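Reviewing the structure listed below.
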Amino acid sequence: MLDFTSSYFTMKESDVVEYVKTMLDCFKKDADLSCQEIGDGNLNYVFRVVDHKTGQSIIIKQAGPVARISDEFKVSTDRNRIEYEILRIQYDLAPGLVPKVYHYDAVMNCCVMEDLSDHRIMRTALMNYEKFPLFADHITTFMVNTLLLTSDVVMNHKEKKALVGSFINPDLCEITEDLVYTEPFFDCPRNDVFPPTIEFARNELWKDEKLRLETAKLKFEFMTHAQSLIHGDLHTGSIFVKPESTKVIDPEFAFYGPAGYDVGNVLANLIFSYLHADATIEDLEQKEDYKDWLAKTIIDVTDLFRDKFMTTWKEKIKEPVARYKGFPEYYLDGVMRDTSAAAGLELCRRTLGIAHVRDITSICDVTKRARAEKIALTIGKRFILERENIAVGTDYVRVLKETEEIF
Ligand code: SR1
Ligand code: MG
């Protein structure tokens, strides 16, 4: 019999079945359980356990001591506690938009949560050219509620500072500081650049001192601006969808950082879907229709976020000085500036860095992939450099269309 109570070890599928039987009371005694590891992320092991008698199922997510993508990343298993705790907070702030969590085990560094297998990973669904008309509404509610309601504008300042303390997440923040803010902007050995893109990266990014200076400023803002309890990795692989439902998962990178980081990541990943559709849909009418839907979604996410942010601000703020004339606009301008920068950083780092996105890597035609990458890098750079002036939905689509024309 395995000992799950004394010391941590990484579980295999058969261990997880034993874990469920001995440590949890989720299933009936006579359940006929099977387990499959279904994780496809860069960090963790995700096990789906099913009772074949009832069809009931749960997810067990275990944090390993190193990242799956590479042993180079030694990442604290405490990220599992962070994930469990933030999912509970987000469940309260944004009901129905995150999975339910049932249990956290500090020895085995795993948590037990609702199985969302009736949903699909959004990146996969978008690569299949599916549309989700409610997504913009759902994701903006999630972002406004989790970002604004955890800020000093709404929270008691001492309670907020206590939360800042419990979500200090140094290992995962270091990954972001390195992979997002640093390595893509020089010829770093850990980068993984598609050969036809190297010359472009060298000339347009690595030699550009102004761009590097701006990324340095942004890195320090990311490290020091404890504004909101952010998800920290809100790309389309961290979102489950079905037409009537959106669920945000995988908040293990959560910490108190700039609110715009989450919004920018959503927008950048919608742009990757747009570039994938542009490169892979053969039928011109279908291509334009799908790209139009994505462009509209980019506009809706940006503008609904802005509208709901202001409405929620009026309803929920507690900080007296936040009521001063001009302050809400000043605050939102800052969030939108950070949104543009974060979108730009994500577009550059997913293209040049170690952690790519399938939207781009799955483009088989070398010329089309190289074109998509150059567009991503050009837009990314503009979002960073022009962040003061990229503030509403049409700004994102304007830059996207202008850049498409060039390549
Ligand atoms: C070492 S982890 C690489 C990337 O995967 C995660 O999803 C984050 O995006 C991280 O940057
Ligand atoms: Mg993840």
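Read the numbers this way: they start at 1 and go in the same order the structure lists the ligands and their atoms. Note that the coordinates shown come from a computational prediction; the quantities given were computed from them, not determined experimentally.
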In terms of residue, atom name and distance, what is the protein heavy atom nearest to atom 9 (O) of ligand 1? D233 OD1, 2.7 Å
Decide yes or no on salt bridge (Lys or Arg N to Asp or Glu O under 4.0 Å) for E114 and K100, but give the supporting numbers first. CA-CA 5 Å; E114 184 182 3; K100 277 192 202 114; 5.0 Å; no
Numbered atoms and elements of ligand 1 in range of H235, under 4.0 angstrom, heavy atoms: 7 (O)
Aromatic ring centroids of F383 and Y396 under 6.0 Å? yes
Within less than 4.0 angstrom of ligand 1, does L179 place any heavy atom? yes
Please could you name the atoms of ligand 1 that A355 approaches to less than 4.0 Å, counting only its heavy atoms? 3 (C), 4 (C)
For E244, does the CD atom have more than 12 heavy-atom neighbours from other residues, nucleotides or ligands under 6.0 Å away? yes
For atom NZ of K131, decide whether the heavy atoms of other residues, nucleotides or ligands shown that lie under 6.0 angstrom number more than 12. yes
Specify the closest pair of heavy atoms between M108 and Y19, including all atoms of both residues, with the distance to one decimal. CG-CE1, 3.9 Å
Compute the ring centroids of F167 and F255, then answer whether they are less than 6.0 Å apart. no
Considering the heavy atoms of R350, write down every atom of ligand 1 situated less than 4.0 Å from one of them. 9 (O)
At what distance is the nearest protein heavy atom to atom 10 (C) of ligand 1, and which residue and atom is it? F253 CZ, 3.7 Å
Can you tell me which residue and heavy atom of the protein come closest to atom 11 (O) of ligand 1, and the distance to 0.1 Å? R349 NH1, 2.8 Å
Heavy atoms only, cut-off 4.0 Å: how does H356 contact ligand 1, side chain, backbone, both, or neither? neither
Please name the atom of D250, limited to N, O or S, that comes nearest to the Mg ion (ligand 2). OD2
Do side-chain atoms of S228 reach the backbone of A259 as a donor and acceptor pair under 3.5 angstrom? no
Classify the ring geometry of F222 against Y261: parallel below 30°, tilted from 30° to 60°, perpendicular beyond 60°. tilted
I need the nearest protein heavy-atom contact for atom 4 (C) of ligand 1: residue, atom name and distance, please. N42 ND2, 3.4 Å
Ligand 1 to I69, heavy atom cutoff 4.0 Å, flagged ligand atoms 1 (C)
